Amino acid sequence: MATENGLKQRTTTGSKENGNSTKSSSSSVSKQPDPSKTHPTVYIVFISLLLDLLAFTMILPLLPSLLEYYRLNDKAGLYHTLSTSVRFFQELVGAPDKFNSVLFGGFLGSMFSFLQFIVSPIVGGLSDCYGRKPVMMVCLVGIAASYGIWAWSSNFAIFVLARFVGGLSKGNISLSMAIITDVSNEKNRGKGMALVGIAFSLGFIIGPMIGAIFSRYSDKTMETWFWLPAIFAMTLATADLLFVAGCLEETLPKEKRAKHVVNSVSRAMEHVSVRSLFKFDAVKSLSNDKLQSLQSLGLIYFLYLFIYSGLEFTVTFLMYHKFGYTSIDQAKMFLTTGIVMAFLQGSVVRRLPSARTQKSAVFGLVLIVPAFILVGIASDGKLLYAGMILFAISTAFVVTCMTTLVSEYGRSDQKGTVLGIYRSLGALARALGPIAASIAFWSVGSLATYVLGGFLLLGPALMLHRLRLA
């Protein structure tokens with residue numbers, strides 16, 4: 001009996017211990033972070049990007065008026081010199097003087113993006129060595145300085161200098177994507193990238209509205225009527241700088257960083273060779289199959305953005321010259337497209353399973369074809385709005401889904417380089433696209449430019465549809 005009681009006691013005690021052990025193990029598991037949930041750092045990046053994009057998009061409805069201001073007032077400066085230089089071609093194609101602003105706007109857009117093309121991989125390589133936060137801080141200081149220069153741009157040359165400084169500092173976008181990649185995994189990376197898309201959408205909703213309000217209530221007879229919106233943009237950029245300094249924690253630990261800064265940056269600088277850029281030569285650790293998939297994604301993204309960015313850039317001038325839209329009218333258009341993009345990215349794109357990412361990107365690429373054809377043939381506001389809404393739906397899917405696909409490649413100490421090169425490819429496309437589309441708009445008109453561009457966008461859609469990712 002004693003033996004039986006002792007056995008029972010030991011059995012009971014063992015059961016209790018096992019139960020406690022199980023509870024403890026269960027408690028430990030419950031404390032582990034849910035891999036499907038978004039990391040808090042992603043929301044900090046979201047707020048930073050939103051502040052940056054509010055300042056950046058403010059200028060969109062102001063740009064036609066700004067260039068018109070320089071056309072009328074910069075009689076002996078850079079604007080006059082450039083106008084004289086293109087006079088022969090202007091007379092040859094019969095383009096009116098007012099279309100010079102389209103051409104010069106294309107030049108500014110191309111210059112800004114070309115500088116991003118130069119800077120993005122270098123910034124990514126530096127962040128792989130020194131960490132994301134310090135490099136981000138340098139970029140944000142430069143962005144704030146560019147708006148300060150804009151505030152004092154009494155002539156076109158100083159305005160060009162402001163855009164030059166801003167373009168050199170715009171590595172913060174690729175850094176934001178690298179930070180999201182650092183703190184995410186395959187299950188929640190798409191959600192993080194969708195938040196980037198939402199930040200862009202909200203920026204394009206609110207920023208142009210702010211710019212339009214400044215435009216409407218500014219006395220354009222004043223020599224520096226643009227001083228107040230420029231100062232407001234600088235204030236937003238400064239707030240972004242202070243927010244990142246106080247709230248963002250470093251996401252790339254020292255043990256995961258590239259060991260040799262010279263090697264990392266020199267690999268990133270291989271983008272100077274366009275051939276090396278398209279081949280992603282700076283990424284050394286991928287298998288042949290994965291490298292080929294990454295190269296194909298880069299080429300598709302470049303072709304898409306080359307055509308897309310050119311048509312996107314000239315839409316503002318189309319609304320201004322063809323439809324007579326004021327800054328407020330343009331802001332309403334951006335408001336509509338921004339709401340559509342934000343809604344889709346917050347409710348649909350953010351919840352896409354990883355298996356459907358590629359198909360969703362293809363869907364967006366196909367949808368943009370009729371979007372630009374409608375914009376090209378539009379003779380009234382209703383058809384223009386229909387085309388721009390399709391454009392917004394397409395953009396909501398393509399940019400976010402393709403960035404998610406690319407972010408899956410490379411080791412932790414190469415994410416900055418991979419996304420930097422990817423952004424650099426996009427920046428190169430945005431450098432060439434606006435100037436090509438502006439020349440076409442200037443010489444053959446908007447109808448041929450948009451309809452032809454729409455059909456050409458079928459190419460990237462077919463390429464992505466046929467691509468088998470490794």
Side-chain angles (χ1 to χ4, degrees), residues 55-91 93 95-115 143 145-168 207-208 210-234 310 313-322 324-331 430-431 434-435 437-439 441-443:
F56 177 75
T57 56
M58 273 181 54
I59 198 174
L60 294 177
L62 296 172
L63 190 56
S65 298
L66 272 171
L67 293 175
E68 185 68 12
Y69 166 83
Y70 290 122
R71 184 179 75 85
L72 297 174
N73 294 280
D74 198 14
K75 297 293 186 182
L78 180 60
Y79 196 102
H80 174 75
T81 302
L82 293 175
S83 296
T84 303
S85 300
V86 301
R87 183 70 61 187
F88 170 76
F89 297 101
Q90 180 182 354
E91 293 174 353
V93 300
D97 283 342
K98 65 180 183 179
F99 275 20
N100 283 358
S101 63
V102 181
L103 190 65
F104 296 161
F107 158 73
L108 285 173
S110 293
M111 181 196 72
F112 191 90
S113 296
F114 181 76
L115 292 169
I143 290 170
S146 72
Y147 295 127
I149 297 171
W150 173 29
W152 301 103
S153 58
S154 56
N155 58 62
F156 188 58
I158 299 178
F159 181 68
V160 171
L161 175 63
R163 302 300 287 172
F164 186 89
V165 173
L168 282 178
I210 296 172
I213 291 170
F214 277 117
S215 177
R216 181 172 184 175
Y217 295 103
S218 296
D219 183 359
K220 295 188 176 63
T221 61
M222 293 177 59
E223 185 176 351
T224 55
W225 62 269
F226 46 82
W227 181 85
L228 194 57
I231 290 297
F232 187 80
M234 186 177 71
F313 183 84
T314 54
V315 160
T316 300
F317 295 95
L318 175 76
M319 291 187 285
Y320 183 76
H321 291 298
K322 182 176 179 179
Y325 277 18
T326 64
S327 296
I328 291 292
D329 295 327
Q330 293 180 41
R430 286 186 176 278
I435 197 68
S438 296
I439 290 172
F441 190 107
W442 191 60
S443 56

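Count residues from 1 along the sequence. Computed from a predicted structure; not experimentally measured. Side chains included, hydrogens not; waters and symmetry mates left out as well; all remaining heavy atoms used.
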Closest approach of Pro61 to Pro208 (non-hydrogen atoms, all atoms of both residues): CG-O, 3.3 Å

Option among Phe107, Phe159, Phe56 that satisfies the ring pair (Phe, Tyr, Trp, His ring centres under 6.0 Å) test with Phe112: Phe56

Spacing of CZ belonging to Phe313 relative to CG belonging to Leu318, to within rounding of 0.5 Å: 13.0 Å

Distance in Å, Leu63 CG paired with Met58 CE, rounded so as to fall on 0.5 Å steps: 13.0 Å

Residue pair Leu62 / Gly211: nearest heavy atoms and the distance that separates them: CD2-O, 3.3 Å

side-chain contact (heavy atoms from CB on, under 4.5 Å) evaluation trace for Ile143 with Tyr147: CA-CA 7 Å; Ile143 290 170; Tyr147 295 127; 3.5 Å; yes

Ser153 side chain to Trp150 backbone, donor-acceptor under 3.5 Å: yes

Smallest separation among heavy atoms of Gly207 and Thr57, with atom names: CA-OG1, 3.2 Å

Evaluation steps, side-chain contact (heavy atoms from CB on, under 4.5 Å), between Gln330 and Thr326: CA-CA 6 Å; Gln330 293 180 41; Thr326 64; over 6 Å; no

Leu161 side, atom CG; Leu78 side, atom CG - distance, nearest 0.5 Å: 11.0 Å

Chi angles and distances behind the side-chain contact (heavy atoms from CB on, under 4.5 Å) call for Leu66, Ile59: CA-CA 9 Å; Leu66 272 171; Ile59 198 174; 4.0 Å; yes

Parallel, tilted or perpendicular, as decided by the 30° and 60° cut-offs, for the rings of Tyr69 and Phe226: perpendicular

Point-to-point distance, once rounded to the nearest 0.5 Å, from CD1 of Ile231 to CH2 of Trp152: 7.0 Å

Heavy-atom closest pair, residues Gly324 and Asp329: O-OD2, 4.4 Å

Full working for side-chain contact (heavy atoms from CB on, under 4.5 Å) between Leu67 and Phe156: CA-CA 8 Å; Leu67 293 175; Phe156 188 58; 3.6 Å; yes

Qualifying residue for side chain to side chain contact (heavy atoms under 4.5 Å, CB included) with Phe164, from Ile149, Leu108, Leu115: Leu115

Ser110 (side chain) donor-acceptor with Ala431 (main chain) under 3.5 angstrom: yes

Ala437: partners by side chain to side chain contact (heavy atoms under 4.5 Å, CB included), with sequence neighbours left out: Thr314

Note, Val160 side chain near Arg163 side chain (heavy atom, < 4.5 Å): no

Closest non-hydrogen atom pair, Met234 against Gly148: SD-CA, 3.5 Å

